[in-house]
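First the proteins, then the strands, lettered A, B, ... as listed; each starts at 1.
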2 protein chains.
Amino acid sequence: MIYMTKTTVTKAAIQKVSMKKMGEHCERVSELLKSLSHPQRLMILGHLTQGPKTVSELQELCSISQSQLSQYLNRMRLEKLVNRTRQGKYQVYSIENQELVQLIAAIQKIFCC
Amino acid sequence: MIYMTKTTVTKAAIQKVSMKKMGEHCERVSELLKSLSHPQRLMILGHLTQGPKTVSELQELCSISQSQLSQYLNRMRLEKLVNRTRQGKYQVYSIENQELVQLIAAIQKIFCC
DNA sequence: TATTAATATTAATTAATAGTAATATGATAT
DNA sequence: ATATCATATTACTATTAATTAATATTAATA
């Protein structure tokens, strides 16, 4: 803002530090957020924070078409948001990324109360 | 997952509740996240959490073209993420939405340490 | 080994977003 | 009243994302 008092100067100093870090990270973070910025992908990840799920379990939970689900999962796998292991004829997806788990927990806390 | 033990059954019950709420909100939340899923918009909002800013201040802080900045701000204003008040020849933008402030704080905490 | 269930891939269409440049508006100062 | 600064709007192009349908793959089973 335009008018600066002593307190805002102090605040500005604090802010500068945290926003510098923000600047460093916002490319990567915004990339990650892009994956969460879709209702069904957010839903998928939400369910995965509760534990590993097979594709067909997710399909039931999220009521989403097989093709789309597979495409979303593949996308998020390439982005390292989820990982996949085969278990017989099932593919089991889970969340590996701890930051992501924290983020989704924070989102639930803020928006789902 | 496929194999259910007593503990996972209990977990599933807990999870069902929070995921139900997630389901209710994920449309709205993902919509909001869409605005954050862009490096410069994230940056803009980050700066605005530190206090109100004029357009030209944001322009300096985010090194972004006037036109694009104005377009982003307008978009986020329509989405009620920021609000605008005129102060003489300046337009001052700020964050009204408390959820958004919390979310950005959480993001900083998780990703910018 | 042929069939089926589970999942992945491809292709094609449509919709949304990003980015840029040019022009317009609105307030202030001359 | 006009020139200038701050901001907004419009129009356009390029890029990316979402959606759907059809087909392919892989593992299990009859």
- Side chains of B/Gln71 and B/Ser67: is there a donor and an acceptor less than 3.5 Å apart? yes
- Query: Taking only residues two or more places apart in sequence or in another chain, which ones pass side-chain contact (heavy atoms from CB on, under 4.5 Å) with B/Arg84?
  - Reply: B/Arg77, B/Gln91, B/Tyr93
- Item | Boundaries of the DNA chain C segment in contact with chain A, non-hydrogen, under 4.0 Å | C/dA5 to C/dT10
- Message: Is it the case that the side chain of A/Ser70 and the backbone of A/Gln66 share a donor-acceptor pair, with hydrogens and angles ignored and the cut-off at 3.5 Å?
- Response: no
- Query: Taking A/Arg41 for the side chain and A/Lys34 for the main chain, is one N or O donor matched with an acceptor at less than 3.5 Å?
  - Reply: yes
Sequence neighbours left out, what passes side-chain hydrogen bond (donor to acceptor under 3.5 Å, both in side chains) with [X]? Give chain and number order.
| X | value |
| --- | --- |
| A/His38 | A/Tyr72 |
| A/Glu24 | none |
| A/Glu27 | none |
| A/Ser65 | none |

- Take the C1' atoms of the five end pairs on each side of the helix from C/dT1-D/dA30 to C/dT30-D/dA1, derive the two axes, and give their angle rounded to 10 degrees. 10°
- Message: Using every non-hydrogen atom in the two residues, find where B/Pro39 and A/Cys26 come nearest and quote the distance to one decimal.
- Response: O-SG, 3.6 Å
- Task: Using a heavy-atom cut-off of under 4.0 Å over every strand shown, decide if B/Arg84 touches base, sugar-phosphate, or nothing.
- Result: sugar-phosphate
- Task: Taking the side chain as every heavy atom from C-beta outward, state whether A/Ile64 and A/Met43 have any atom pair closer than 4.5 Å.
- Result: no
Return the polar atom pairs (N/O with N/O) between nucleotides 10-15 of chain D and the protein under 3.5 Å, or none.
from	atom 1	to	atom 2	distance (Å)
D/dT10	O4	B/Gln71	NE2	3.3

- Any chance you could lay out the side chain to side chain contact (heavy atoms under 4.5 Å, CB included) test for B/Cys62 and B/Leu69, step after step, and finish with the verdict? CA-CA 9 Å; B/Cys62 304; B/Leu69 179 54; 5.8 Å; no
Extract all donor-acceptor atom pairs below 3.5 Å that involve side chains of residues 101-113 of chain B and protein atoms in other chains or at least two apart in sequence.
none

Strictly under 3.5 Å: I want the nitrogen or oxygen pairs between protein and nucleotides 3-6 of chain D, one per line.
none

- Query: Would B/Ser56 and B/Gln59 satisfy side chain to side chain donor-acceptor pair (under 3.5 Å), going step by step from the backbone distance to the final call?
  - Reply: CA-CA 5 Å; B/Ser56 28; B/Gln59 202 174 339; 5.8 Å; no
- Query: Considering heavy-atom distances to DNA chain D, does A/Gln66 or B/Arg86 have its closest nucleotide positioned more toward the 5' end?
  - Reply: B/Arg86
- Query: Where each residue is assigned the nucleotide of DNA chain D containing its nearest heavy atom, which of B/Tyr93 and A/Gln68 is assigned the position nearer the 5′ end?
  - Reply: B/Tyr93
- Determine, step by step, whether B/Ile95 and B/Asn83 satisfy the side chain to side chain contact (heavy atoms under 4.5 Å, CB included) criterion, reporting the C-alpha distance in whole Å, the side-chain angles of both residues, the deciding distance to 0.1 Å, and the verdict. CA-CA 6 Å; B/Ile95 294 191; B/Asn83 63 356; over 6 Å; no
- Item | Near-strand residues of residues 31-43 of chain A, defined as heavy-atom separation under 4.0 angstrom from DNA chain D | A/Lys34, A/His38, A/Arg41
- Task: Under the salt bridge (charged side-chain N to carboxylate O under 4.0 Å, His left out) rule, collect the residues that match up with B/Glu99, sequence neighbours excluded.
- Result: B/Arg28
